[in-house]
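Report on the following structure.
Chain letters run A, B, ... following the sequence lines, proteins first and then strands; every chain starts at 1. The figures that follow rest on heavy atoms only: side chains count, while hydrogens, waters and symmetry mates do not. Because the structure is a prediction, the values reported are computed rather than measured.
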There are 2 protein chains.
Amino acid sequence: MSITIKDVAKEAGVSVATVSRVLNGSCNVSDESTKKVNETIARLNYSPNFLGRNLRKCETNVILVIMPTSEHSLYSKIVMGMQDYAGQVGYDIITAVSYSTSTAETRQMNMLFNRTVDGVILLGTQYDADSLNKLAENYNVALCCEGVKGANVLTVAVDDEQAAFDAVATLIKKGHKRIGFIGTNSSAISSTARENGYIRALKEYGIEIKNEYIYKESYDYDCGGRAFEYFNALAEKPTAIFAVSDLLAISAMHKAIDMGIDVGKDVAIMGFDNISMCEWIIPTLSTVEQPCSKMGELVVAKLIENMNKTTKDNHYYTVDHRIILRESTGD
Amino acid sequence: MSITIKDVAKEAGVSVATVSRVLNGSCNVSDESTKKVNETIARLNYSPNFLGRNLRKCETNVILVIMPTSEHSLYSKIVMGMQDYAGQVGYDIITAVSYSTSTAETRQMNMLFNRTVDGVILLGTQYDADSLNKLAENYNVALCCEGVKGANVLTVAVDDEQAAFDAVATLIKKGHKRIGFIGTNSSAISSTARENGYIRALKEYGIEIKNEYIYKESYDYDCGGRAFEYFNALAEKPTAIFAVSDLLAISAMHKAIDMGIDVGKDVAIMGFDNISMCEWIIPTLSTVEQPCSKMGELVVAKLIENMNKTTKDNHYYTVDHRIILRESTGD
DNA sequence: TTGTATGCGTTATCAT
DNA sequence: ATGATAACGCATACAA
């Protein structure tokens, strides 16, 4: 089999307890012993078996991040922020992709139940509020990026309603009065919150809310294009469009270009997320930036805090968003 | 503490051994006991502690996938293929991102050394051949997508040389004689193999190889644009460009558009990978498709096979590529 | 078919 | 400062 702490102890001429002490940086061990042990560890190329260690300590120092898709650079950036911070405080981040299926998500959650990880962060989830609340009673769970209505679970996200308000207000201040909204029928709280922000902005600036300017389907790429076709067929076409995701905005934009419409001039388009692609396409896309690193860091920090608490923090923390103007809005 | 197999046994009025047998689907247990045990498991909401189980069984049934970036949809698709297959054979896939740093990669490899996972699949790695060979002696390691020269380690990838040959041959058959190549200076075997394929294609079709048509920098997005600027400044500009990655091709394409050049007509551009973005941009990008699902499935299958072998399979398996023609080559 | 007992590799407690 | 040993939760060899 593989080499164990026992082998090291025997070779170094000390007890396993001493080796363990060296391994865990206890101060109650002589310099001589420390040296001997470290030498043999290096010589035998010993690496402690974490299954044994974790079993004994009842902790793994590993956090699992479950995301609906790995093709979303927003998530990638958030996970990066998580890893940065987690590494600093001695935790590892592992990720799993659920592909938005509850079966995969359930399966992955097993790592929480079977004690393979200390906690789970969900970047958008299939779970409903009740399930989440029950889950959070016994386990360390956090939501990031996407809250769940009615869930009293630690959450970190932008203020979606306010962010959408700011985005639409920006368009209005540019002179737009007919503003289309591309949303989704998903149960995602962010989608409805952004719709609410859109509506509030119109109201506050005294613009009539028209149902024909609200198009809702799904987050799939093609839906953006379909939305644009729909808007473009209206008698009074919108002069600006706000989409709840960059991908939808990009899809709409490309449909517009296909139709020979000058995006940024004939029509202004604004997305949400600030994924990398926004700067890679022509024209570049105006959008609402989510502070990915900060979100990742904060949710990990709060989750770890929760691990040592009996009464868990279940706040909904919001982080600052930022409007970024690029060519698609004529900037 | 949390509920254990002992609690279940006591509650069900049987021994822990019987509970364990039920848990592991042993046939040597009476229907009555099975029923009683399953009932109490459900009632107590018991979930076995895998740290104990894994420690005992010396296996975790978990495979770690380390990738340089999670922003590459090629990798996402491959991991999806891995998960599909792994799930079927009772394995879990977890992922970690190294951000192309050897420190992160080394840290993540610890999960292999400390027995937290049964094997590791590297989607492009910082390790050199010697390190990999030594690693593969004692652990279950596989490379996917990107081989390492001189490494005798289980590898699954496309035939990069032949794929590049086919791509360039396709351009030649379309009548192109001045073909630019955008590569990288990275040590990645795929990059040089694709360059070799490019050169062989020119040779076989009797076209002179000119150094000025070969531009090499890095995989960063901007390099594609710089490459195009360079080509466009030549006295005899290439009429077609083959890039070793879709992102480089897209960057070059956008630079061309910026310069008012009609991609697909004035210049043909072909990428490599067939990432989702190829179909999302205008014009759509011709490219070489890598069979992601198949690659993921194959590498997991072979790696699991290796786990039960004393002499490990260290073959370099190639999977079929496919040329996809879209608007960027005038199709 | 079932139960008892052992050990997986580690840390922590208790002596010394 | 160090060592002997119990315990973490589980699967399994062995006995019954």
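- Atom C1' of nucleotide D/dA7 and atom CG of A/L55 are separated by 9 Å, given to the nearest angstrom.
- Where the helix from C/dT1-D/dA16 to C/dT16-D/dA1 starts and where it ends, the local axes point in directions that differ by 40°; five pairs per end, rounded to 10°.
- At distances below 3.5 Å, not a single donor-acceptor pair connects side-chain atoms of B/T40 with backbone N or O atoms of B/E11.
- Shown for residues 15-26 of chain B: residues whose heavy atoms fall under 4.0 angstrom of DNA chain C, namely B/S15, B/A17, B/T18, B/R21.
- Of all heavy-atom pairs between A/P48 and A/L23, the closest is CB-CD2, 4.4 Å.
- Between A/I5 atom CD1 and D/dA4 atom C1' there is a gap of 14 Å when expressed in whole angstrom units.
- Counting to the nearest Å, the C1' atom of C/dT10 and the CG atom of A/N54 are 10 Å from each other.
- Judged by distance alone, the side chain of A/N133 and the main-chain N or O of A/G150 form a donor-acceptor pair under 3.5 Å.
- For the pair A/K57 NZ and C/dG9 C1', the interatomic distance rounds to 13 Å; values are reported in whole Å.
- If you measure from atom CG of A/D7 to atom C1' of C/dC8, you get 13 Å, rounded to the nearest angstrom.
- Side chain of A/D92 to main chain of A/V62: no donor-acceptor pair is present (N/O by atom type, distance under 3.5 Å, no hydrogens or angles).
- Judged by distance alone, the side chain of B/T155 and the main-chain N or O of B/L143 form no donor-acceptor pair under 3.5 Å.
- In this entry the distance linking CZ of A/R56 with P of D/dC10 reads 16 Å, nearest Å.
- Non-hydrogen atoms lying under 4.0 Å from DNA chain C are contributed by A/Y46, A/P48, A/N49, A/G52, all within residues 28-52 of chain A.
- Scanning atom types as modelled, no donor and acceptor separated by under 3.5 angstrom connect the side chain of A/R53 and the base of C/dT10.
- In this structure, B/K6 places its NZ atom 6 Å from P of D/dC8, rounding to the nearest Å.
- Annotation: ring pair (Phe, Tyr, Trp, His ring centres under 6.0 Å) contacts of B/Y219 (sequence neighbours excluded): none.
- For the side chain to side chain contact (heavy atoms under 4.5 Å, CB included) with B/I66, the qualifying choice from B/M111, B/Q126, B/Q108 is B/Q108, the only one to do so.
- Within the structure, the ring pair (Phe, Tyr, Trp, His ring centres under 6.0 Å) test picks out no pair touching residues 16-71 of chain A (sequence neighbours left out).
- For A/N114 and D/dA11, the CG to C1' distance is 16 Å, given to the nearest whole Å.
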B/N114 vs B/T116, side chain to side chain donor-acceptor pair (under 3.5 Å): CA-CA, chis, key distance, verdict: CA-CA 6 Å; B/N114 66 34; B/T116 303; 2.4 Å; yes
Could you walk me through whether B/D31 and B/T34 pass side chain to side chain donor-acceptor pair (under 3.5 Å), step by step? CA-CA 5 Å; B/D31 287 354; B/T34 307; 5.1 Å; no
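- Note on residues 70-107 of chain A: pairs passing ring pair (Phe, Tyr, Trp, His ring centres under 6.0 Å), not counting sequence neighbours, are A/H72-A/Y75.
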